[in-house]
Amino acid sequence: MKRFFKLNDNELISQLILKRNIKDVFFISVGVILASIGLKGFLLPNNFLDGGAMGVSLLLQILTGLNLSILIILVNLPFILLGAKQISIPFAVKSSLAIFVLAYLVHVIQLPTITDDKLLIAVFGGFFLGAGIGFSIRGGAVIDGTEVLAISVSRKSSLTVGDFIAVFNVVLFGIAASIVSVETAMYSMLTYFSASKTVDFIINGIEEYIGVMIVSDDAEIIKEMVAIKLERGVTVFRSDGGFGKKGLAMPDRKILFCVITRLEVSRLLLEVEKIDRGAFVIQYPIKDTKGGMIKKRPFH
């Protein structure tokens, strides 16, 4: 009789760690290569900037004439040390290796001039650099340490991570406009927007996930509709609510929660409205998911 043996916990954990490490190395390697193409093929030959630590490195290269590879390491080094303290040692190690490899590739790679059109340089330079940053983040590392600093500042002030990065880049592009030229600063802003949108696409994927909470007296019917007709998982929370001046209590009320893609939102809302036009529906974005009844995100 054929017997099947289940892996013990240590073997399973070792396999999961190995699989995760292989994926991390792949994503970081792809990210570093794409970022080096963006720098050497587009931005560096035309003195264009990006935002963040990479933008600081490019600006210093324009002003001082120092090797960009050295500047990339020196500018990001404080952020990596901060990341080791604020996030984790493995994160700092992976980020350090990614930045050193990026600096090496920028030093040795020689690419022909791809285009002289400044608009194409800004857009595609930002695209390749943003893709590189995005894939590196997918691998659990950074090649631009600004976000590490932003996380640290947000913990000690009222600024959010997004607010700090926005302020940082406004100051950077302002300095570029006053020292280099206004035109360079404007094209650099376009590069930054292209890079940031590409990072969002690589990290979040084309199908952004939406969390939907539904409060309805017909919760059981809606639950059946989501599970059978839409073929999506649904979770039921029991709650105690109220409304109106007296705050009338409604014990044991059911709240439904499900996760769908943005492309499926309109269909879900239509089906809910067919059942209960007065249903209270809350939507909010979800950055990522794992497991459950929804399909995996691209590049995940």
Side-chain angles (χ1 to χ4, degrees), residues 51 86-87 130 133-135 137-138 140 142 146-148 150-169 192-193 195-244 247-300:
Q86 296 284 343
I87 302 176
I133 294 172
F135 274 109
I137 293 174
R138 276 284 186 181
V142 294
T146 315
E147 288 194 1
V148 178
I151 292 172
S152 177
V153 172
S154 67
R155 291 175 176 176
K156 300 176 182 178
S157 70
S158 59
L159 288 176
T160 65
V161 172
D163 291 338
F164 177 82
I165 292 176
V167 171
F168 184 94
N169 288 320
Y192 167 69
F193 289 137
S196 62
K197 290 299 180 182
T198 305
V199 170
D200 290 340
F201 174 80
I202 295 297
I203 295 177
N204 297 326
I206 190 171
E207 294 182 323
E208 181 182 357
Y209 290 133
I210 302 296
V212 180
M213 297 187 71
I214 305 168
V215 182
S216 170
D217 293 332
D218 299 308
E220 281 297 328
I221 302 175
I222 296 175
K223 173 188 173 184
E224 185 177 353
M225 178 273 296
V226 174
I228 297 176
K229 189 171 184 178
L230 299 185
E231 297 182 339
R232 291 292 176 264
V234 59
T235 300
V236 180
F237 299 100
R238 295 193 177 277
S239 68
D240 185 0
F243 66 90
L248 299 176
M250 293 176 289
D252 296 329
R253 192 169 197 178
K254 295 180 180 179
I255 296 178
L256 306 180
F257 172 76
C258 64
V259 179
I260 57 177
T261 66
R262 182 172 291 280
L263 301 178
E264 298 169 311
V265 171
S266 61
R267 184 186 177 193
L268 174 63
L269 294 179
L270 175 61
E271 296 298 333
V272 170
E273 192 172 5
K274 288 179 183 178
I275 298 170
D276 181 6
R277 299 191 64 180
F280 181 51
V281 182
I282 306 170
Q283 303 176 41
Y284 52 90
I286 293 177
K287 290 299 182 183
D288 209 345
T289 62
K290 183 175 178 61
M293 298 295 293
I294 55 178
K295 54 189 174 184
K296 289 186 177 180
R297 195 187 290 282
F299 305 118
H300 184 66

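Quick note: residue numbers are just sequence positions, from 1.
The nearest pair of heavy atoms linking Ala279 to Ser216 is CB-CB, 4.0 Å. Scanning all heavy atoms of the two residues, the minimum distance from Gly130 to Thr198 falls at C-CG2, 3.8 Å.
Taken to the nearest 0.5 Å, the CZ atom of Arg267 stands 8.5 Å off from the CZ atom of Arg232. Remark: Gln283 CD to Ile214 CD1 distance equals 9.5 Å, nearest 0.5 Å. With rounding to the nearest 0.5 angstrom, the CD1 atom of Ile221 is 6.5 Å from the CD1 atom of Ile275. One finds the CD1 atom of Ile255 at 5.0 Å from the CE atom of Met213 (value rounded to the nearest 0.5 Å).
Counting non-hydrogen atoms of neighbouring residues, nucleotides and ligands closer than 6.0 angstrom, the CZ atom of Phe257 exceeds 12 such neighbours. Other residues, nucleotides and ligands place more than 12 heavy atoms under 6.0 Å from the CD atom of Glu271.
Between Met225 and Val272 the shortest side-chain heavy-atom distance falls below 4.5 Å.
Screening Val281, Ile210, Ile222, Ile260 for a side chain to side chain contact (heavy atoms under 4.5 Å, CB included) with Leu268, the sole residue that qualifies is Ile260.
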Kindly indicate, with the supporting measurements, whether the criterion side-chain contact (heavy atoms from CB on, under 4.5 Å) is fulfilled by Leu230 and Glu264. CA-CA 9 Å; Leu230 299 185; Glu264 298 169 311; over 6 Å; no
